[in-house]
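In what follows, every heavy atom counts, from backbone to side chain, and hydrogens, waters and symmetry copies are set aside. So that the names make sense, note that chain A is the first sequence line, chain B the second, and so on, each numbered from 1.
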2 protein chains.
Amino acid sequence: MQNLTEQPITAADKTFFQLRKDIVEGVVLAGSKLSETELSTKYGVSRAVIREAINRLESCHIVERKANVGARVVSLSPEGLVDLYQVRESLEGMAARLAAQNMTDAEIADLNALLNVHSEDVKNHGSYYQEAGDVDFHYRIILGSKNNHLIAMLINGIYHLVRMYRVQLGMSGPRVSTAFDEHKHIVQAICNRDGELAEMLMRRHILYSKNNIQRKLTPQREA
Amino acid sequence: MQNLTEQPITAADKTFFQLRKDIVEGVVLAGSKLSETELSTKYGVSRAVIREAINRLESCHIVERKANVGARVVSLSPEGLVDLYQVRESLEGMAARLAAQNMTDAEIADLNALLNVHSEDVKNHGSYYQEAGDVDFHYRIILGSKNNHLIAMLINGIYHLVRMYRVQLGMSGPRVSTAFDEHKHIVQAICNRDGELAEMLMRRHILYSKNNIQRKLTPQREA
DNA sequence: TCTGCAAAAGATGTCGACAATATAGCAAAT
DNA sequence: ATTTGCTATATTGTCGACATCTTTTGCAGA
């Protein structure tokens with residue numbers, strides 16, 4: 001996954017992808033400071049390259065920069081999660097509606113095929129599905145919207161932050177098969193070219209997903 | 001306007017704001033190439049500063065960059081307008097709904113006061129209203145949503161591109177008073193804490209606005 | 001011992017130079 | 001005459017050094 005026409009060309013590209021991956025997967029801790037000199041030795045590139053990578057991460061809302069002070073990785077907070085998922089609900093709901101309207105029959109057939117593969121994955125080794133398959137599913141719907149602004153905002157913008165919450169807070173077991181059923185219903189609505197229903201189902205799907213993560217994030221009384 | 005806590009600190013900030021202004025207002029033409037060396041002499045700063053400014057403009061979708069080739073200002077196209085306004089409708093509709101829910105009574109009172117000022121402006125010198133007042137109105141609703149992701153995406157992200165379309169394609173005369181009435185109804189819905197209605201009215205308001213610009217953009221047969 | 005200023009250390013911001021890549025122009029061959 | 005391949009030029013990408021700002025440290029005075 002993650003090979004969605006995103007091919008690194010320059011050193012800044014590579015560093016950006018690597019650093020983003022390290023942050024999303026928690027190798028670089030949430031809330032930690034990003035020292036330019038430190039990172040430049042760690043990744044073996046000049047500070048200029050690091051600065052460009054950090055600038056790009058800032059526009060994804062993965063890091064926050066203050067002038068003359070430096071950059072920090074964002075902290076994962078319940079408020080941040082709510083804000084993020086509200087936006088995501090709105091944008092991906094819209095993507096589903098547009099996808100029902102704009103995807104070609106061939107693309108919809110492909111999407112159905114993907115679903116069948118996922119069905120096998122869930123039966124065999126259920127947990128892997130969530131990270132790779134779910135992202136792939138959502139990517140296809142987003143691309144199916146054919147709205148370039150929407151695609152850019154979601155894929156280059158907020159999606160990696162979504163992944164950061166999901167990877168670092170984990171997702172519970174029983175929801176895997178439930179989520180798969182929700183995907184099936186969404187695809188069915190798209191097959192029927194029913195944009196309104198697709199949007200509504202996608203919004204609920206994302207809402208459930210948010211509640212699921214929220215349960216992991218909110219009850220931190222035992223800490 | 002445009003003084004929304006956005007204060008330039010570094011040279012890169014100043015250059016970014018200036019270059020963005022020049023592009024939005026058409027001083028730097030849409031579709032033109034942005035040469036780094038040329039801009040660095042023009043704005044009297046080093047190429048590193050120019051590069052940072054261009055990077056930031058790229059994340060606003062105001063310029064497009066290709067590796068080892070360079071950056072170009074985006075072209076204003078009917079498709080781009082539709083894509084942009086679809087997203088805007090969704091996000092600002094959401095902002096209106098959240099504003100009805102999250103703005104304080106004091107903030108709503110302020111908003112009403114702003115509306116009265118605009119009412120005078122329309123009576124006196126109607127045309128000025130559109131550029132300054134309308135933006136200000138929308139800014140307040142966006143900020144009133146209290147959703148930081150939404151605020152960042154709209155204000156740092158797509159709003160300057162919206163302004164670019166509006167400034168460069170102009171807006172017709174009779175719509176000024178119509179738009180003002182629409183603003184009044186939206187504020188009324190927010191006063192009543194009716195989020196659903198506020199969202200619907202905002203979406204229609206933006207839809208009308210899009211149609212208005214589209215009329216200027218599409219019929220280019222006489223060229 | 002505590003407060004406050006000052007100097008030093010370390011960070012980010014900016015710059016000019018060099019390296020790598022793409023484009024344009026010209027020459028040669030078909 | 002057209003196309004192909006090379007060369008020259010110009011632009012972008014990367015680097016290390018210097019300037020400026022922030023933060024910390026340490027000393028002096030109350």
Side-chain angles (χ1 to χ4, degrees), chain A residues 5-23 27-75 152 156, chain B residues 5-23 27-75 152 156:
Chain A
T5 68
E6 286 191 344
Q7 232 187 347
I9 310 262
T10 69
D13 289 334
K14 293 194 198 81
T15 307
F16 167 58
F17 289 136
Q18 185 63 45
L19 185 52
R20 185 177 65 185
K21 188 183 176 210
D22 288 346
I23 291 175
V27 177
V28 174
L29 295 176
S32 64
K33 184 160 189 332
L34 293 179
S35 161
E36 293 180 0
T37 55
E38 188 184 323
L39 290 174
S40 92
T41 62
K42 182 175 173 184
Y43 291 100
V45 290
S46 78
R47 270 186 56 222
V49 171
I50 295 291
R51 278 176 70 82
E52 177 164 343
I54 289 179
N55 278 333
R56 289 204 228 169
L57 287 170
E58 190 189 11
S59 56
C60 308
H61 307 277
I62 288 180
V63 313
E64 286 167 350
R65 254 183 69 187
K66 270 200 296 192
N68 290 316
V69 174
R72 305 192 77 87
V73 180
V74 296
S75 309
N156 301 321
Chain B
T5 69
E6 286 190 345
Q7 232 188 345
I9 311 262
T10 68
D13 288 335
K14 293 194 199 81
T15 307
F16 168 58
F17 289 137
Q18 185 63 45
L19 185 53
R20 184 177 65 185
K21 188 183 177 210
D22 288 347
I23 292 175
V27 177
V28 174
L29 294 176
S32 65
K33 182 160 192 329
L34 293 179
S35 162
E36 293 180 1
T37 55
E38 188 184 322
L39 290 174
S40 91
T41 61
K42 181 176 173 183
Y43 291 98
V45 290
S46 79
R47 269 187 56 221
V49 171
I50 294 291
R51 278 177 71 82
E52 176 164 344
I54 289 180
N55 278 332
R56 290 204 227 170
L57 287 170
E58 191 189 12
S59 55
C60 307
H61 308 276
I62 288 180
V63 313
E64 287 168 350
R65 254 183 69 186
K66 271 201 295 191
N68 290 315
V69 173
R72 305 192 75 87
V73 180
V74 296
S75 309
N156 302 321

Which residue, A:A67 or A:T10, contacts DNA chain D at a nucleotide closer to its 5' end, judged by nearest heavy atom?
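The answer here is A:T10.
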Pairwise 5' ranking along DNA chain D for A:V69 and A:A11, keeping only the more 5' one
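Result: A:A11.
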So how far is it from B:R47 CZ to B:I54 CD1, rounded to the nearest 0.5 Å?
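With rounding to 0.5 Å, CZ (B:R47) is 9.5 Å from CD1 (B:I54).
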Taking atom CG of B:L19 and atom CD1 of B:I50, what is their separation to the nearest 0.5 Å?
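The distance works out to 6.5 Å.
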Quick one: [X] [atom1] to [N] [atom2], roughly how many Å, whole number?
X: B:E52; N: D:dT14; atom1: CD; atom2: P; value: 16 Å
X: A:D13; N: D:dG13; atom1: CG; atom2: P; value: 9 Å
X: A:R72; N: D:dT22; atom1: CZ; atom2: P; value: 17 Å
X: B:K66; N: C:dT21; atom1: NZ; atom2: P; value: 17 Å
X: B:N68; N: D:dT12; atom1: CG; atom2: C1'; value: 6 Å
X: B:I50; N: C:dG13; atom1: CD1; atom2: C1'; value: 15 Å
X: A:F16; N: D:dG13; atom1: CZ; atom2: C1'; value: 17 Å

Might you confirm whether atom NZ of A:K33 has over 12 heavy atoms from other residues, nucleotides or ligands at distances under 6.0 Å?
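Atom NZ in A:K33 is packed in, count exceeds 12.
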Closest heavy-atom contact between A:F17 and A:Q7?
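Closest approach of A:F17 to A:Q7, heavy atoms only: CE1-C, 4.3 Å.
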Go through the steps for A:E52 and B:R51 under the test salt bridge (Lys or Arg N to Asp or Glu O under 4.0 Å), then give the verdict.
CA-CA 9 Å; A:E52 177 164 343; B:R51 278 177 71 82; 3.5 Å; yes
Quick one: which of D:dT14, C:dG13, C:dT21 gets closest to the side chain of A:A12?
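Nucleotide nearest to A:A12's side chain: D:dT14.
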State, with a plain yes or no, whether a side-chain heavy atom of A:R20 is found less than 4.5 Å away from one of A:I62.
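Yes, close enough: below the 4.5 Å cut-off.
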Using only side-chain N and O atoms of B:R51, determine if any of them is under 4.0 Å from OP1 or OP2 of D:dG13.
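The answer is yes; a side-chain N or O of B:R51 sits under 4.0 Å from OP1 or OP2.
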Residues in side-chain contact (heavy atoms from CB on, under 4.5 Å) contact with A:Q18, at least two apart in sequence or another chain
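Partners of A:Q18 under the side-chain contact (heavy atoms from CB on, under 4.5 Å) test: A:D22, A:Y43.
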Using a heavy-atom distance cut-off of less than 4.0 Å, which residues of residues 31-48 of chain B contact DNA chain C?
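Residues of residues 31-48 of chain B under 4.0 Å from DNA chain C: B:V45, B:S46, B:R47, B:A48.
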